[in-house]
Amino acid sequence: DTHRLRARSSAILTGIDTVLADDPSLTVRLPETEGAWRQPRRVVLDSALRIPASARVLAQPGDTLVFTASGPAIHERAGATIERVPGDAGRLDLGAVLARLAALEVNDVLVEAGPRLNGSLLEAGLVDEWVIYMAPHLLGDKALGMFELPAIEHMAARCRVEILEVRAVGPDWRFTLRPTPDAAPEET
């Protein structure tokens, strides 16, 4: 199911923390019986350009684009195009990243990231839809969360979503959600 989402996307975006922790390929891996599809562009947000030359995301067929806040404006490295965008305090300007992707005619971005990037996108109001899979497992309260957000101390500061679809995918559940206009966490 996830590979079908990838195949419909122009790009798959992730952060450097996910690359360093999981070493993902970020490729479509569907059988030929699924029809014709192309590899989406892989996009890594890496403000300090820490991506190792051995990262699997760099060795896959298709384009890999790394956005950073350091180095020359545009250059090549280890099989990727490296582009500098504005950044502050170790974080890239997400609006500038998405504007650049739009200029490259990338119009459908699938984000597969950790809580820091997911939370930053949510806080910036840059999420159109979430597809969340829930497996029948309990991980406890020390498990890695989905969003890194400021502590929500009052119900008025919660993030509101609209449920578009819930369906079973094998033993898992897939939730498709859309943030409501007031989804970004409010200041408390």
Under a 3.5 Å distance rule, please check whether Thr176 uses its side chain to pair with a backbone N or O of Leu164 as donor and acceptor. no

Donor-acceptor contact below 3.5 Å, side chain Thr68 vs main chain Ser47: yes

Find out whether [X] and [Y] are in side-chain contact, i.e. whether some heavy atom of one side chain is under 4.5 Å from a heavy atom of the other.
{"X": "Leu101", "Y": "Phe67", "result": "yes"}
{"X": "Leu65", "Y": "Val106", "result": "no"}
{"X": "Arg91", "Y": "Ser120", "result": "yes"}
{"X": "Arg50", "Y": "Asp17", "result": "yes"}
{"X": "Arg174", "Y": "Leu5", "result": "yes"}

Atom CD in Gln60, atom CZ in Arg29: separation rounded to 0.5 Å? 7.5 Å

How close do [X] and [Y] get, heavy atom to heavy atom, and via which atoms?
{"X": "Asp46", "Y": "Leu92", "result": "N-CD1, 3.9 Å"}
{"X": "Pro115", "Y": "Gly145", "result": "CB-O, 3.3 Å"}
{"X": "Ser70", "Y": "Ala48", "result": "OG-C, 4.0 Å"}
{"X": "Asn107", "Y": "Ser10", "result": "OD1-OG, 3.0 Å"}

Modelled atom types, side-chain donor and acceptor of Thr81 and Glu76, under 3.5 Å: yes

Under the salt bridge (Lys or Arg N to Asp or Glu O under 4.0 Å) test, residues paired with Arg41 that sit two or more places apart: Asp63

Would Leu58 and Thr64 count as a side-chain contact (heavy atoms from CB on, under 4.5 Å) here? Give the steps. CA-CA 6 Å; Leu58 299 175; Thr64 301; 3.8 Å; yes

Electrostatic pair Asp22:Arg56 at N-O distance under 4.0 angstrom: no

